[in-house]
Amino acid sequence: MSSLDQLFVNLSGWLLSFFPAGARPWADIALKIGVLVAIAPAIMMYLTWIERKIIARMQNRFGPDRVGIYGLLQPISDGLKMLIKEDIVPRGADRLLHLAAPILSVVPAILLFAVLPFGRNMIPADLNVGLLYFFAVSSIGSYAIFMGGWASRSKFSILGAMRSVAQIISYEVPAILSVVAVIMVAGTLSTVGIVEAQAERWFFFTPWGVVGGLIFFLSGIAEVNRTPFDMPEAESELVAGFHTEYSGMKFALWYMAEFLESFAVCAFTVTFFLGGWHAPAVPFWTLALLLAVIVGAGTRLAIPVRGAGVLGMLGAAALWGAQPIPSWIWFFAKTYVLIFVLVWLRGTFPRLRIDQLMGLAWKFLLPLGLINILAAGLWAWFPFPVGTAASALALIVSAWLLVRINNPAPLQPRTYVFAD
Amino acid sequence: MAVIGSGVLRGMGVTFKTFLETYPWGRLILRTLRIPVTNGLFTIPYPETKQQHPERFRYFPFLVYDGTPDNLRCVACKICEQECPPQCIHIVMEKDEQGRPVKAHGRTLPKQFDIDMSICMSCRICVDVCPFDAIEMDNEYELSASDRYEHMIFDKHKLLKSADYFQKIKPTEAATVDARLAAKKPKA
Amino acid sequence: MLPSPDEFKITLEQLLPGVSLTLDAGWLVVAPNDLVAVCRCLKENERFSLDYLANLTAVDYPSEQRMDLVYHLYSMAKKHGPVMLKVRLPRAHPVVASVTPIWRGAEFQEREVYDLFGVTFEGHPDLRRILMWEGFEGHPMRKDYVVEDQDVPT
Amino acid sequence: MELKTSISPTIETQQLEVNLGPQHPSTHGVFRMIATLDGERIVKLKPVMGYLHRNHEQIGERATYIASFPFTDRLDYFCAMSNNFGLALAIEKLGGIQASERGEYLRVIMAELTRLVNHTAVIGFLLNDMGAFGTPLLYAFREREKILDLFEAASGSRMMCNYVRPGGVREDVPEGWLERAREIVNAFPRFLDEFEALLTENEIVQQRCQHVGVLSKELAMNASITGPMLRASGVNYDIRKVDGYSIYPRFTFKIPLGTVGDVYDRYYVRILEMRESVNILQQALKEIPDSSASPAISPKGLALVKAPRTFRPPRGEAYGRIEAPKGELGFYLVSDGSSQPYRYHVRAPSFINLTVLEDMCLGYKVADVIIILGSIDIVMGEVDR
């Protein structure tokens with residue numbers, strides 16, 4: 001494999017070579033922990049920057065561009081502001097729990113990164129029960145939220161905390177069911193194994209993979225309390241939900257936990273369904289050639305633009321042909337595409353009411369997840385043409401049936417009289 | 001009945017189109033796909049580029065003088081003080097010791113003319129009722145002050161501005177005012 | 001179309017014996033104690049069907065020691081114009097029956113008149129001050145309500 | 001205030017009393033609702049108002065008829081122009097002033113532009129209450145700003161216009177204004193289509209708004225509800241058609257009526273009303289007489305602008321009302337012959353539309369109360385006066 005792909009692996013190997021043989025495993029662990037704890041806040045800070053810029057652009061405005069060029073230093077100034085802000089604890093609050101809650105919510109968010117395969121053999125801890133670890137750690141977050149809501153002794157926080165616990169628990173079930181199909185097909189719980197199983201065909205390009213991926217992604221958004229499922233911190237009703245009474249660095253910790261978990265959800269969706277660090281089946285240089293043809297044929301574009309476009313694409317094709325794009329770039333590229341979708345949802349949708357939210361989880365995603373396992377079975381058992389067709393049919397019929405049975409607020413179109 | 005998800009997806013299409021519209025390359029893509037580009041970036045970075053206000057934009061009033069500051073048009077007739085809805089104008093006429101009004105340039109003049117800018121709501125009624133066109137509306141809006149009482153009460157000297165300043169900021173309005181004054185000139 | 005005020009007076013006096021109505025420049029002046037009867041008849045009567053109370057307010061006349069309650073009634077069903085009712089109350093102790101049971105729209109307007117003028121409405125479901133805070137004494141919209149100017153140096 | 005504890009066989013639960021407001025992100029100003037909750041469901045809801053009470057009516061009694069015009073801008077600070085229009089009509093009825101032809105056209109144009117401004121802002125805030133992170137609100141405000149620039153060019157200020165006077169408008173519009181207005185009005189339907197594509201078919205919006213806060217036709221009529229709220233419940237009552245004040249009878253336009261009367265109908269009736277307003281504006285901008293043909297303000301009105309003290313209407317009373325974007329805005333003036341009104345009362349639509357807030361919210365969730373309040377469209381300046 002090319003050197004660029006294994007860049008970080010060789011780098012860590014070279015660093016570890018300085019340690020004596022006995023201490024090498026400990027140094028390895030310390031190095032990995034150090035890297036993760038350094039990367040996590042950086043990822044979080046620049047996620048806030050990405051979100052504010054993208055949503056701003058969706059609303060015809062610039063987004064932060066005062067601090068540093070294009071506002072790149074904005075997250076740092078936000079972090080500094082949070083440090084300076086006074087940390088108010090409500091008088092009736094239970095001080096210990098009020099302090100422990102944000103910490104307890106950030107720790108699992110960082111722990112999730114341990115089993116994330118960033119690139120070819122670039123995984124901090126290659127557990128063979130990686131998936132089980134992921135679900136165990138991600139469910140600690142609901143304790144922290146309820147602890148935070150309860151400790152701040154304010155009516156709005158309690159309402160927000162109760163809503164969040166109900167929501168997280170009811171969305172873990174469809175998430176797990178959708179991943180059961182992946183385990184069944186991949187045959188292993190280890191995240192590296194799952195990514196290897198998608199070598200020649202990403203799970204997303206199978207009928208059950210599409211449905212499973214959507215269910216997992218939606219449940220992930222709900223677990224992270226982001227629009228359109230952000231009931232627990234509904235600004236318009238509960239002022240700020242469970243973290244109403246937090247300020248200063250504690251509020252920043254809540255914020256970090258939310259963003260790290262949303263990054264983790266996107267990363268794990270990529271790992272389970274979008275082929276982790278695998279390059280797309282179609283070699284990328286053919287895509288570059290295709291782009292070159294399109295740009296060349298673009299009649300509306302000015303001649304110099306077309307010429308430059310074609311040359312650029314041809315150069316890229318030659319480069320990528322010789323030196324394929326490294327695996328970890330693929331992983332981060334796909335993750336950031338999913339993050340764009342996450343932010344896109346936040347920029348577009350209002351939030352669902354709490355009972356509709358629950359209804360969606362229990363009455364729609366859960367049965368669909370079960371049927372999805374059946375579809376995955378059909379797909380795996382029967383040979384190619386029959387299996388895919390059978391599972392696709394099963395899924396479409398069941399989805400339509402579920403919508404018909406649940407009959408969300410009768411959506412027959414409204415008639416409007418035009419009187420004179 | 002449309003497919004259950006279509007409304008949601010169309011909504012996302014609108015926001016994505018707006019996202020693309022704000023970038024030049026985005027507009028390029030939209031134009032090649034023949035999607036009409038309606039409006040791109042709408043906000044302006046304030047201190048660098050300032051918004052162009054139309055001529056009639058009014059903020060706080062100012063007193064007009066022709067030529068030198070002591071030749072102001074105001075004759076301290078107090079009609080504006082009477083008509084001002086929030087009563088934020090205070091005028092004291094210039095008098096000598098015996099209490100007789102002092103005349104300058106053939107007109108009486110105000111010794112003291114204060115407008116409390118923290119109460120004035122720039123409603124332009126003083127300009128409407130002034131028979132001598134002595135007071136006009138300014139369009140200077142960067143007036144933040146640290147203290148409400150000393151800085152926000154504009155006295156006569158702070159209010160006085162020349163007629164050609166008025167000509168510069170509001171040409172058409174100044175033209176009608178000058179025409180009216182010229183028509184009155186031969187009579188006076 | 002809208003019958004003329006004196007037609008109102010005649011028909012109302014026929015329908016409700018013992019009711020005395022006077023006409024004052026297009027206004028129907030009603031005695032306080034048979035206000036409810038007149039209003040109910042105006043609302044239910046098929047020809048008038050004044051089912052919409054647009055405006056209810058009070059006017060204070062300290063010089064004549066009286067306070068007028070003004071009712072503007074319209075009909076949404078027949079879309080015809082204002083019928084204006086007036087009730088004259090003694091200024092010292094203005095009390096009148098509430099019309100909220102007839103028109104639900106009067107609920108807030110009567111509370112506002114109670115709050116700003118001091119007219120008590122019997123039979124009002126929830127007669128509390130609506131604009132002023134609970135501990136406020138006095139009725140600001142009365143002509144004789146003068147607040148001494150705090151920052152005038154006494 | 002004892003809180004009933006519902007003792008079901010297994011669990012003993014107690015009702016929770018929560019104060020929604022006065023400092024609350026989505027109560028459209030300083031408005032407070034004391035809500036008694038059983039879990040998430042609303043059991044009782046008492047509105048509390050008066051935090052923004054400035055006794056506007058007493059100020060009106062101590063000022064001349066003209067001096068209370070800038071204060072009407074502050075009544076419903078989203079629709080300054082139509083508030084002025086209401087007061088101008090009442091004074092014209094009281095003083096027997098006849099407005100000039102061009103003045104009438106300009107006032108109708110300003111009033112209908114105000115309806116566009118108000119309805120876009122309302123729908124934007126309604127979506128904001130539903131949790132959309134500002135996007136629909138900013139689309140709505142982008143269009144609203146274009147119209148406010150028109151107001152600034154004509155009257156001098158975006159929102160505190162103080163432009164309409166009895167007899168017409170204070171100053172004629174600058175030249176080039178009418179062309180810009182035609183441009184913006186013709187571009188408005190395209191914005192509405194894009195706005196509807198984002199919202200009307202959106203399943204989440206439909207789920208959140210349909211069959212929520214239903215207001216029956218009978219209760220709406222009985223509780224003197226006016227404006228889009230009333231028409232969303234299916235009652236055909238629009239004062240522009242009923243009274244035919246100013247020159248509205250010359251324009252052909254329709255009145256959209258809802259069927260169910262829930263939050264979704266109130267939202268969609270406002271969008272249809274905006275389309276009708278664009279229709280009226282196009283007709284008015286086409287037929288407006290040239291400024292040489294008729295002045296922007298009648299001579300009697302101009303005199304009143306120049307010398308407010310000289311206007312002493314005869315003894316008597318007048319109740320002028322208009323179809324403001326929020327409902328029937330009425331001005332009741334009693335004149336005793338002096339230059340100041342003896343009694344000056346404002347019939348505010350938002351104030352009376354709040355009467356049925358509790359009836360609409362009972363049984364719904366906390367999240368619904370916020371959007372029901374948003375769909376009523378109240379502005380505290382007008383509620384508290």
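Lettering follows sequence order; numbering is per chain, from 1.
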Please state whether the side chain, the backbone, both or neither of A/Ile55 comes within less than 4.5 Å of a heavy atom of chain B. neither

In this structure, are over 12 heavy atoms from other groups packed under 6.0 Å from A/Ile69 atom CD1? no

For B/Leu41 and A/Phe62 the tightest heavy-atom approach is CD1-CE2, 3.3 Å

In terms of heavy-atom contacts, does NZ of B/Lys111 have more than 12 from other residues, nucleotides or ligands at under 6.0 Å? no

Is it the case that over 12 heavy atoms from other parts of the model lie below 6.0 angstrom from the OH atom of A/Tyr70? no

Count the heavy atoms belonging to other residues, nucleotides or ligands that lie under 6.0 Å from CD of B/Gln52, then report whether that count exceeds 12. no

Tell me whether the rings of B/Phe16 and A/Trp344 are parallel (<30°), tilted (30 to 60°) or perpendicular (>60°). tilted

Any idea which of B/Lys17, B/Glu21, B/Glu48 has the most non-hydrogen atom pairs under 4.5 angstrom with chain A? B/Glu48

A side-chain contact here means heavy atoms from C-beta on lying under 4.5 Å apart; do A/Gln59 and B/Phe42 qualify? no

Is the side chain of A/Asn60 donor-acceptor paired with the backbone N or O of B/Gly40 at a distance under 3.5 Å, no angle test? yes

The interface call for B/Val14 against chain A, heavy-atom contacts under 4.5 Å, is neither

Whether over 12 other heavy atoms sit under 6.0 Å from B/Lys95 NZ: yes

Drop me the distance from A/Ile54's CD1 to B/Thr15's OG1, to the nearest 0.5 angstrom. 11.5 Å

Can you find a heavy atom in the side chain of B/Thr22 that is under 4.5 Å from one in the side chain of A/Met58? no

